[in-house]
Amino acid sequence: MTFGVYRKTGGLGRGMDKKNPADSNLGTASPLSSDINMRVDFLFNRTGGAWLLHDKPLPDILKWIEYDSEKETIVLVTRSGRLDGLGLRIPVEKKAYLERAMEVTALLMHDGFVKDFAVVPMVTTHMTVN
């Protein structure tokens, strides 16, 4: 199975660099928000699977994730309505993979292990039905 990996800083998954041939497709980085500094990986595959790995708790409860294929951006939407961009650009040639995603598994990682997780809906500007 091939994954697309878009990384803010450093890999979070144990052994991820060895198993993942897509490291040449890294996105551009910027802070998740001004008051939090965390490492973030966003992974997806061709069948609509999507995962958000982060090393610090998010500032609020995550309600859904939005992907805008025209702007090539991913935005986290929280319970309070806060919008946080990941600071990653997903190339337009990969958009079909994300348009298939119906949900994202968000994983709080610590020392290569899952500390907490949540499954949230993925909303896209265009949807592709499998």
Side-chain angles (χ1 to χ4, degrees):
M1 182 181 308
T2 301
F3 287 94
V5 181
Y6 296 85
R7 174 168 294 146
K8 190 172 148 205
T9 57
L12 295 172
R14 180 168 279 181
M16 191 70 71
D17 293 329
K18 294 177 184 170
K19 296 177 184 175
N20 224 317
D23 284 338
S24 61
N25 294 329
L26 299 180
T28 58
S30 70
L32 179 64
S33 68
S34 59
D35 60 338
I36 193 166
N37 184 21
M38 72 173 71
R39 294 183 307 161
V40 176
D41 285 348
F42 190 80
L43 297 89
F44 55 90
N45 64 20
R46 294 177 185 189
T47 60
W51 300 266
L52 172 72
L53 286 70
H54 53 99
D55 70 339
K56 293 187 178 143
L58 297 173
D60 196 0
I61 295 173
L62 187 61
K63 292 305 278 185
W64 71 83
I65 295 178
E66 294 183 6
Y67 169 62
D68 186 330
S69 60
E70 292 173 3
K71 295 180 183 175
E72 302 176 352
T73 59
I74 295 175
V75 176
L76 309 181
V77 181
T78 67
R79 172 182 59 182
S80 64
R82 178 179 175 154
L83 304 175
D84 277 318
L86 279 185
L88 301 174
R89 292 190 52 187
I90 308 298
V92 71
E93 62 269 11
K94 305 290 185 188
K95 75 178 186 174
Y97 304 147
L98 287 178
E99 289 172 352
R100 287 186 181 103
M102 301 298 284
E103 60 189 21
V104 177
T105 303
L107 302 157
L108 174 59
M109 304 297 292
H110 181 71
D111 292 331
F113 295 96
V114 177
K115 187 174 178 181
D116 195 8
F117 77 98
V119 179
V120 296
M122 169 70 106
V123 178
T124 63
T125 54
H126 300 93
M127 292 195 77
T128 302
V129 178
N130 292 334

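Being a predicted model, the structure only gives us computed values, none of them experimental.
- Lys63 contributes atom NZ, which lies 10.0 Å from atom OG1 of Thr78 (distance to the nearest 0.5 angstrom).
- Separation of atoms CD1 (Ile74) and CE (Met122) is listed at 5.5 Å; rounding is to 0.5 Å.
- Put simply, CD on Glu72 and CG on Leu88 are 12.0 Å apart, with the number rounded to the nearest 0.5 Å.
- Between Leu52 and Val40, the shortest heavy-atom contact is CD1-CG1, 3.5 Å.
- Of the listed residues (Arg39, Met38, Met109, His110), just one forms a side chain to side chain contact (heavy atoms under 4.5 Å, CB included) with Lys56, and that residue is Met38.
- Taking both residues in full, the closest heavy atoms of Val92 and Ser69 are given as CG2-O, 4.5 Å, listed atom of the first, atom of the second, then distance.
- In this structure, the side chains of Asp68 and Val75 stay at 4.5 Å or more apart for every pair of heavy atoms.
- Rounded to the nearest 0.5 Å, atoms CZ (Arg79) and CG (Leu58) are 12.0 Å apart.
- Contact check for Tyr67 versus Val104: no side-chain heavy atoms found under the 4.5 Å cut-off.
- To the nearest 0.5 Å, the span separating CD1 on Ile65 from CG on Asp84 amounts to 11.0 Å.
- Asp60 contributes a side-chain N or O that, together with a main-chain N or O of Ser80, makes up a donor-acceptor pair within less than 3.5 Å.
- Distance OG1/Thr47 to CZ/Arg100: 8.5 Å, rounded to 0.5 Å.
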